[in-house]
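Quick caveat: nothing in here was measured; it's all calculated off a predicted structure. We number each residue from 1, following the sequence as shown.
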Amino acid sequence: MARASAPPLSSMWVYAVGSTDCGWESTVGMTTTACDHGGEQLRTAVLEIGYGYNHIAWMNGGLLPSSTMYSSTPVCVTGSNYTWPCTAGQTVVGFLNEYNVDGHQNGLFKYQNTSTNSPWNTMSVQISILWFINDVGQTFWPFYISKYEC
């Protein structure tokens, strides 16, 4: 897998929220989850395009230790979709960063990162994770998203 000459961060979003009671819910374009995210496990996945060096995450206003980011998967482009994992010869354009926020049933998850190079911009994204009973059901986490939907 090839790495491009570090483009600055250009976009980011909370891609999905996962929990014991709901499974993975796609949250692209959402500011609040629709699923009942109760249970023992609560996870978030942030998809960012570009390269950053200063990952910071909060849950309910409390700074999360860096160890809560349990996975950072390189993201590439296949056709017109962001995809992961990347295959040999593809150029890395961003990362899918996954956080373990077990112990929380609901609340506000916020993520921020700063570009590794000019213009050294800082971007942030947040989502309100709800905990309630509804009839929405589970949404399964797809492994790609159209880069034009972002």
> Look only at the side chain of E25 and the backbone of A34, and say whether a donor-acceptor pair between them is shorter than 3.5 Å.
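A pair under 3.5 Å: yes.
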> Rounded to the nearest 0.5 Å, how far does OG of S72 lie from CG of N97?
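Atom-to-atom, N97:CG and S72:OG are 4.0 Å apart.
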> Do V28 and Y111 belong to the same hydrophobic cluster, where Ile, Leu, Val, Met, Phe, Trp and Tyr are linked whenever their side-chain heavy atoms lie under 4.5 Å apart, directly or via other members?
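Unlinked, V28 and Y111 end up in two clusters.
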> Check whether any side-chain heavy atom of Q90 lies under 4.5 Å from a side-chain heavy atom of T83, and answer yes or no.
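Sidechains of T83 and Q90: in contact.
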> Any link between V101 and I127 through a network of hydrophobic side chains (Ile, Leu, Val, Met, Phe, Trp, Tyr) touching at under 4.5 Å?
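Same cluster.
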> Other than W58, what residues sit in its cluster of Ile, Leu, Val, Met, Phe, Trp and Tyr side chains whose heavy atoms are under 4.5 Å apart, directly or through others?
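Listed partners: I56, L63.
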> Please round to the nearest 0.5 Å and tell me the distance separating atom OG1 of T33 and atom CG of L130.
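Result: 4.0 Å between the selected atoms.
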> Taking atom OG of S19 and atom CG of D36, what is their separation to the nearest 0.5 Å?
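So the gap between those two atoms works out to 7.0 Å.
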> Is there a side-chain contact between I49 and Y82 (heavy atoms, below 4.5 Å)?
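Yes, at least one pair of side-chain atoms sits under 4.5 Å.
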> Begin from the C-alpha positions of M69 and H55 and carry the test side-chain contact (heavy atoms from CB on, under 4.5 Å) through to its verdict.
CA-CA 9 Å; M69 184 170 72; H55 311 271; 4.2 Å; yes
> If two hydrophobic side chains count as joined below 4.5 Å and joins carry through other members, does V14 share a cluster with M12?
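Yes, it is one cluster - the side chains of V14 and M12 are joined through contacts under 4.5 Å.
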> Can you name the side chain to side chain contact (heavy atoms under 4.5 Å, CB included) partners of N121, sequence neighbours left out?
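Counting only residues at least two positions away or on another chain, N121 forms a side chain to side chain contact (heavy atoms under 4.5 Å, CB included) with P8, L9, S115, P119, M123.
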> How many angstroms lie between atom CG of N106 and atom OG of S128, to the nearest 0.5 angstrom?
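N106 CG to S128 OG: 7.5 Å, rounded to 0.5 Å.
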> Does anything in residues 63-73 form a salt bridge (charged side-chain N to carboxylate O under 4.0 Å, His left out)? List the pairs, not counting sequence neighbours.
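Pairs touching residues 63-73 that pass the test: none.
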> Is it the case that the side chains of E48 and S11 hold a donor-acceptor pair, with the cut-off being a distance below 3.5 Å and no angle test?
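No pair is found: no donor N or O on one side chain lies under 3.5 Å from an acceptor on the other.
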> Y51 vs F95 aromatic rings, parallel, tilted or perpendicular, using cut-offs 30° and 60°?
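Y51 and F95: perpendicular rings.
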> Mind checking whether W84 and Y15 have parallel, tilted or perpendicular rings, split at 30° and 60°?
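Perpendicular.
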> Heavy atoms only: give me the nearest V77-G79 pair and the separation to one decimal.
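For V77 and G79, the tightest heavy-atom pair comes out as CG1-O, 3.4 Å.
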> Return the minimal non-hydrogen interatomic distance between P74 and V92, and the atom names on each side.
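In this case the closest contact between P74 and V92 is CB-CG2, 3.8 Å.
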> Please list all pairs passing the salt bridge (charged side-chain N to carboxylate O under 4.0 Å, His left out) test where one or both residues lie in residues 101-121, with sequence neighbours left out.
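Passing the test, one end in residues 101-121: R43-D102.
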> Is I129 linked to L64 within one hydrophobic cluster, defined over Ile, Leu, Val, Met, Phe, Trp and Tyr using a side-chain heavy-atom separation of less than 4.5 Å?
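Per the 4.5 Å side-chain linkage, I129 and L64 are co-clustered.
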> Residues in side chain to side chain contact (heavy atoms under 4.5 Å, CB included) with S118, at least two apart?
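With sequence neighbours excluded, S118 shows a side chain to side chain contact (heavy atoms under 4.5 Å, CB included) to W120, given in chain and number order.
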> To the nearest 0.5 angstrom, please state how far the CG atom of L42 sits from the SG atom of C22.
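Between L42 CG and C22 SG, I get 10.0 Å after rounding to 0.5 Å.
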> Please find the pair of heavy atoms, one from Q105 and one from G38, that lie closest to each other, and give the distance.
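Scanning both residues completely, I find the closest heavy atoms to be OE1-CA, 3.1 Å.
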> Report yes or no: do L96 and V125 belong to one cluster of Ile/Leu/Val/Met/Phe/Trp/Tyr joined by side chain heavy-atom distances under 4.5 Å?
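Result: no, two separate clusters.
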> What I'd like to find out is whether the side chain of Q126 reaches to under 4.5 Å of the side chain of T31, using heavy atoms alone.
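Answer no - side chains too far apart.
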> Suppose we screen for side chain to side chain donor-acceptor pair (under 3.5 Å). Which residues come up paired with T122, at least two apart in sequence or across chains?
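Residues passing side chain to side chain donor-acceptor pair (under 3.5 Å) with T122: T114.
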> If you compare all heavy atoms of T91 against all heavy atoms of C76, which two are closest, and at what distance to 0.1 Å?
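Answer, listing the atom of T91 first, then C76: O-SG, 3.3 Å.
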> Looking at N54, is its backbone amide N or carbonyl O close enough to the side chain of N113 to form a donor-acceptor pair, meaning the two atoms are under 3.5 Å apart?
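Side chain of N113 to backbone of N54: a pair is present.
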> What's the spacing between H37 NE2 and T20 OG1 if we round to 0.5 Å?
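Between atom NE2 of H37 and atom OG1 of T20 there are 11.0 Å.
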